[in-house]
Structure formats: C-alpha cells, structure tokens
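Heads up, the thing below is written out as structure tokens.
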2 protein chains.
Amino acid sequence: MKSPAELTETFRANGLKVTPQRQLLFGLMHGNTVHPTAEALFAEASARMPGISLRTVYQTLTDLASMGELRLIDVGAGATRFDPNTDDHHHVVCSSCGEVRDVYVAGSDRLKVDGLDGFRIEEASILFSGTCVTCASETVSRASARG
Amino acid sequence: MKSPAELTETFRANGLKVTPQRQLLFGLMHGNTVHPTAEALFAEASARMPGISLRTVYQTLTDLASMGELRLIDVGAGATRFDPNTDDHHHVVCSSCGEVRDVYVAGSDRLKVDGLDGFRIEEASILFSGTCVTCASETVSRASARG
DNA sequence: TTGTCAATCTGCAAAGAGTGCGAACTAACA
DNA sequence: TGTTAGTTCGCACTCTTTGCAGATTGACAA
Ligand SMILES: [Mn+2]
Ligand SMILES: [Mn+2]
Ligand SMILES: [Zn+2]
Ligand SMILES: [Zn+2]
C-alpha cells in the first residue's frame, strides 16, 4: 500500500475526497502487519476518532482494495482480513488465536498440478494453518499445571 | 467418505441413529464431486424427501465432518462447500460461476517456505481461482454477439 | 410385538459479517 | 464564500450458520 501522503494524491487525482476518516485509516493500515479485520480496525479508529462508523471503515477498506492498495484475505474463519502488503505472498493462520502472518513461497512454478485443464488461472493462494508459538506454549503450561 | 452401508454401521456403532434423513444425505454425498453447499444439498434432498429441514442437512453434514468423513471447503465466496473426497487434494474455483473442482498437487514438499518459524503446521491448502471453460466460452460468445 | 428413552428432527429466533439506501454533511474548487 | 459532487453515518436488510426446545422416532430389550 502506498504511504498516506501518496494515497492523498491518488485519491484527489481520482476525484475522491480526502476526509479525516480516510486519513486516519490510511495511517492505521500503512505498514500494518497484523492483517486486521474491519472490526479490529474500527476499534482502533474509534479510539482515535470517536464517532467514526463501522460503515465508513468497510467503505474505505473496500475502496482501497478495489484500487489495488489492499488485499482481502480469507482465512476461513469469520471475518475478512485486510492486508496492505501487496507483494506476492501467502499466509499462515493460527487455528487457536487467529493470528495471521506472511509466508513467502518460492518454487511453486515447479509444482506438478493436475486438474486445472480448461481453467484460465488468475490466482493461486496457499494457506497454512497450525498453532503459533504463543498458543503452543500456553497449551504446554496448562498441561503442566494439570500435572 | 465411506459408503452409505458402511456409514450406517459406523453411526450405529457410535450410538448414533440411522434415520431416513441421514440415509438420504449419505446417498447424496457419496461419490459426489460437485462440492455442494448446504443449500444445494438441501434442494436435492427436498426433491426426494419433501419436508426435510435445512437444519438437519447442516446437522448431518457437520456430524460427518467431525467424524472425518467429509471435508469443509471454504472457497472464499459465501457458503461453505462439503467434500466427500478425503484424499490429500486441493481445489480450483471458477470466480464467475463458482464451480469447484479437485486439483492434485505433487512436489509441494520441495517448496521453499519462509515465515513459518514458530508455527506447528497442521495443514496447507492451495486454492486456485480463475475462469472455467464454460464461463470462458460464454464470455467469448457474448463478445462476438456485441461485435 | 411392545415399551422405553435417548437421540433426532423441525421450525423459529438470533448471531456474525457485510451491503444497500438516503438524509445530512463537507471537501474541493471556482 | 458558494456550489456541488462525493462522503459519512445509521439503519434496515441479506446471507449463512447456529442455539434452542418441543414433538417425534430409531434402537434395543423384555
Ligand atoms: Mn500478508
Ligand atoms: Mn475436493
Ligand atoms: Zn495462536
Ligand atoms: Zn465458471
């Protein structure tokens, strides 16, 4: 995702207004690596700008996504995640706490794939799922506590 | 997924009853390759057994899933798909019509993956998306019709 | 065959995640 | 400072899935 300053230019150049709500969200998403949900972002935004609406958060997020500044990530659990990292990358999700992290994969061009005949493929995404280090250690300590 | 006859045994062995509704769903899912949604299955089931409830379809499907007889597939578009194919495989979804097909991938063990440190990985799923042959040709014919 | 009882079925309410809409508001530019 | 197209916000509503509870019925034993 571009910087808030660059986005300001881009928005104006496209006939879109740069409102305080949008500026706030530009700032909250820029460099954000946690892959937040709209609700999570709404909570952060509300702390800084009481009264901002969830509707506006969704609006701005989907606007940014349709401009290619944001990727929508579906980790198959509840809400969509928003990702300002537009590099070619994949994700791993903790099935316990929902944490999402970036995963970079090389060599996917050498995979032997069977079943795509007839399809014009536009995208391939790999989703790893498992247990993050925090959740793993919590499980361990609970087990010890029980004896 | 096991055959309807085998499932009948398994269910009884686990203290679960074998009702007409369940038998019908066993039959509808066995060997089913279309990755139907609960609603789609409900429609098929209703044709053969008027009065069956959507609630029961969901119930039976999630029961089968928790027994490992069915896989739940999330193609990131609306409803969950149910898959009786428990082989190690992946999927491709048509972004136009929603069709889902099986994809077999070999060589994934040789991928160079960066970013999984600290995670205990339990699963990795690859989702391809693109346009199926039917939707591609429809686009072509519409384009020709327009000149 | 009949009785018993836990498991099941169904309908309906409700939750979670978004989206459509329109009245009130405001950034951008003249 | 005025004009106006673009925004914001609240609310109703859709869609998918789950919770609940009363009515029903398989499964097993007598
Ligand atoms: Mn990412
Ligand atoms: Mn499949
Ligand atoms: Zn975790
Ligand atoms: Zn298609």
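What's counted below: heavy atoms across the whole structure, side chains too, no hydrogens, waters or symmetry copies. The chains referred to below are lettered A, B, ... by the order of the sequence lines, with proteins before strands, and numbering in each begins at 1.
- In terms of heavy-atom proximity, A/Lys2 sits nearest to A/Glu69 at N-OE1, 2.9 Å.
- The two residues A/Met29 and A/Phe82 have their closest heavy-atom pair at CE-O, 3.5 Å.
- B/Phe42 has its CZ atom 11 Å from the C1' atom of C/dG11, to the nearest Å.
- Side-chain atoms of A/Thr131 and B/Glu122 include a donor-acceptor pair closer than 3.5 Å.
- Between A/Phe11 and A/Phe26, the two ring planes are perpendicular [angle over 60°; tilted spans 30° to 60°].
- The two residues A/Ala38 and A/Leu54 come nearest to each other via the heavy atoms O-CD1, 4.1 Å.
- Per the geometry, CG belonging to B/Leu61 stands 15 Å off P belonging to C/dT8, to the nearest Å.
- As rounded to whole Å, 15 Å separates atom C1' of D/dT8 from atom CD of A/Gln23.
- Ring geometry, B/His89 versus B/His35: the interplanar angle falls from 30° to 60°, so the pair is classed tilted.
- Following rounding to the nearest Å, A/Met49 (CE) and C/dT26 (P) show an atom-to-atom distance of 12 Å.
- With rounding to whole Å, B/Asp74 atom CG is found 12 Å from D/dT16 atom C1'.
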Discussion item. Could you go through B/Asp102 and B/His90, starting from their C-alpha distance and side-chain angles, then the distance that decides it, and tell me whether this counts as side-chain hydrogen bond (donor to acceptor under 3.5 Å, both in side chains)?
Written reply: CA-CA 6 Å; B/Asp102 289 338; B/His90 302 275; over 6 Å; no
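- Between the two ends of the helix from C/dT1-D/dA30 to C/dA30-D/dT1, each summarised by a five-pair axis, the helix axis turns through 30° (rounded to 10 degrees).
- B/Arg81 CZ to B/Arg71 CZ: the interatomic distance, rounded to the nearest 0.5 Å, is 14.0 Å.
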Response to the item:
For nucleotides 2-7 of chain D, 5' to 3', base contacts (B), sugar-phosphate-only contacts (S) and non-contacts (-) with protein non-hydrogen atoms under 4.0 Å give ---BBS
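- The closest side-chain donor-acceptor pair between A/Thr56 and A/Gln59, if any, does not fall under 3.5 angstrom.
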Please write out each protein N/O paired with an N/O of nucleotides 17-20 of chain C under 3.5 Å, distance rounded to 0.1 Å.
residue : atom : partner : partner atom : Å
C/dG18  : OP1  : A/Thr80 : N            : 3.4
C/dG18  : OP1  : A/Thr80 : OG1          : 2.7
C/dG18  : OP2  : A/Thr80 : N            : 3.1
C/dG18  : O5'  : A/Tyr58 : OH           : 3.0
C/dG20  : N7   : A/Arg55 : NH2          : 2.9
C/dG20  : O6   : A/Arg55 : NE           : 2.7

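- Rounded to a whole Å, the CD atom of B/Gln59 is 14 Å from the P atom of C/dG11.
- The aromatic ring centres of A/Tyr58 and A/Phe42 sit 6.0 Å or more apart.
- The line from CG of B/Asp63 to CG of B/Leu7 is 11.5 Å long, rounded to the nearest 0.5 Å.
- The CG atom of B/Leu41 sits 15 Å away from the P atom of D/dT16 (whole-angstrom rounding).
- When the P atom of C/dA6 is taken as reference, atom CG of B/Asn14 falls 19 Å away, rounded to whole Å.
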